Amino acid sequence: GLDPSPDALEHRRRERVEEIDRLLHRGSERLLELQCERDDLLCAPNPLYNYTKAGDPSTNRTFGDVRTTREFNFPSPELVDEYIGELVSNGRLVSLNHTDLWLSRSDTGMDDDEIVGDDLLTPSADARKLYENLDELEPGMNRNGNKNKGGGGSWLLRTGFGRNGGSLGEKLGETIEIGAYKGVCSSVMMVLARMLSGLHGVNILSYSDIRTYIEQDPDLPPVDKKHGPLLGGDKNNYAQEAIKTAIQKGAKKKRKTKNGSSHRSSSRRHGHDLSDDAFIQRDAVVETLISHCQISAPLLKLFPLDWQRAMVGNIITLTTAIISDFADGLQVQMLGHALTVSFKPITEADMIQHIGAGGFRQNHRRTRPDEFEAAVLATAQDLSESLSFLDGWLEWFERKVGGGVLRSQIGNLIARVVLTLVDEVLSGARLDLWSSQANGPRLVPVLEYRTSSIEEQLNE
């Protein structure tokens, strides 16, 4: 018979949960195959996907030994480049001045070797530093107790290429900046576009389906019935062209009126001008993410702390701009009303109102640091194996460092930042079901960590 002890029951429960997860994963893969086949049979492809057919004897033989697969095809590299260029030209995103950032030196009295530290080539640094003296930190103060002081970075990266060639750190920083902007922009756009693509194929009352098209926009050229939409271009990319136009329109609406050139240097170290629409929590958000980035990727210590702050600040600016422009492009009309989405900085009035409504809840990442760190470590191990972009332009650096250090640190960085952001979003979310009008319930979302399964996986 089965062992009735509590430990045995708990072990069987965990095994059953893992088995259900595997079944759900296989079921989702099978569901995707059926969706692809259904779109093909109905001649109703999702406009944001590329469909391909390949011979497969294991498929349904009713229509031949052909399997239809699809791959998400948004955004295109051209759209990403053009959108980033639009933000820079409008002054919403200010490129980093790598020369000035590398000239900044630490006032802490430590030399460069001490600043870089001994954990440079480890998969991650000591995460316990994130949870030490949280209540004693003042705004603008780092976790070493030094207010507004930047580390010096590596002396090796300060080595120059001749008199006017710039330092190695400047060249590497420029490459990292461009790559980070493109990677973040592409990832955020892809996630948001996937949300809308999920509408395609939804069944309504058994006999009706939702199908997404690209509607003719006044800014687009007329459709030619013989040659297809977007005459003179690639008719297979009409979805990307239409969404690109919509995003560009959103960016142009936010163009700021400035005196003089829009390329003047920023008044802030975070790579963004301090204007009326700058959110008051910028410094707190930057310092929080900087702490997690430094713990996850000790290689960042090769760069000055001012450079790190400016880089993280610009990534935050880019991400919020993408989400804001996406929200501006959404509108649903129903019963003579319009539903719109707004994404804007939190103001002091919003914070006061949030406190009065009891909106602030405990942050599970801070209250359960051991479980959070275990989840980060397990997730990072899975992510590190799938970082295909390291096979390209960072492959040389990965070989020089050796031991998969760069891959491990980037995987840890992605896992930590994503889980941190999800936990922050959930802990600050308010989901009321007519609570103030009719004493309805309030849904409370939290991020749960499967610590028992994680510990078993790490101990194997």
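Here the structure is a predicted model, which means the values were calculated and not measured.
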Legend entry - For N203, side-chain hydrogen bond (donor to acceptor under 3.5 Å, both in side chains) partners two or more places apart: D209
Inset, instruction - Return the set of residues passing salt bridge (Lys or Arg N to Asp or Glu O under 4.0 Å) with R26 (not counting sequence neighbours), or none when no residue passes. - result: none
Inset, instruction - Under the side chain to side chain contact (heavy atoms under 4.5 Å, CB included) rule, collect the residues that match up with V191, sequence neighbours excluded. - result: none
Inset, instruction - Quick one: list whatever passes side chain to side chain contact (heavy atoms under 4.5 Å, CB included) with N439, sequence neighbours left out. - result: none
Legend entry - Residues that E29 engages under salt bridge (Lys or Arg N to Asp or Glu O under 4.0 Å), provided they are two or more places apart: none
Legend entry - Non-neighbouring partners of Q308 that pass side-chain hydrogen bond (donor to acceptor under 3.5 Å, both in side chains), sequence neighbours left out: Q294
Inset, instruction - List in chain and number order the residues that pass ring pair (Phe, Tyr, Trp, His ring centres under 6.0 Å) with Y49, two or more places apart in sequence or in another chain; answer none if no residue qualifies. - result: F72
Legend entry - Which residues share a side-chain hydrogen bond (donor to acceptor under 3.5 Å, both in side chains) with R211, sequence neighbours left out: Y213
Under 3.5 Å, sequence neighbours excluded: what are the donor-acceptor pairs made by side chains of residues 182-189?
from: S187; atom 1: OG; to: G183; atom 2: O; distance (Å): 2.9

Legend entry - Residues that T69 engages under side-chain hydrogen bond (donor to acceptor under 3.5 Å, both in side chains), provided they are two or more places apart: T52
Inset, instruction - Under the salt bridge (Lys or Arg N to Asp or Glu O under 4.0 Å) rule, collect the residues that match up with E33, sequence neighbours excluded. - result: R30, R67
Inset, instruction - Only counting residues at least two apart or in another chain, list the ones meeting side chain to side chain contact (heavy atoms under 4.5 Å, CB included) with D39. - result: Y51, R70, H200
